[in-house]
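All remarks here apply to the structure that follows.
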Amino acid sequence: MRPLETRPETICAIDEALAWHDGDARAAIATLIADCAYLRWQLDLATLAMGAGFTRGWHPSAERPDGV
């Protein structure tokens, strides 16, 4: 997975994440990784619970599409 492009709103979010962890970058990264794992687990559960008719064959993906 490639990194996101740096945008002004991304920089602000980075500063906020670091501030939340009192400037500890390792703690901020650990929290983001844990949050990502939790959200992927939630996505897996939602995928299992969704019927093909409900989504008309579409299934969510944990990977970002190209260009995002």
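The model shown is predicted, which means the values in this text are computed figures rather than measured ones.
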When rounded to the nearest 0.5 angstrom, what distance separates OG1 in Thr31 from CZ in Arg26?
12.0 Å
When every non-hydrogen atom of Ala17 is compared with those of Ala28, the smallest separation belongs to O-CB, 4.1 Å
Ring pair (Phe, Tyr, Trp, His ring centres under 6.0 Å) contacts in which one or both residues fall within residues 23-44, not counting sequence neighbours
Tyr38-Trp41
Roughly how far, to the nearest 0.5 Å, is the CG atom of Leu43 from the OG1 atom of Thr47?
4.5 Å
Minimum heavy-atom distance Ala25-Leu18, with the two atoms named
CA-CD2, 3.6 Å
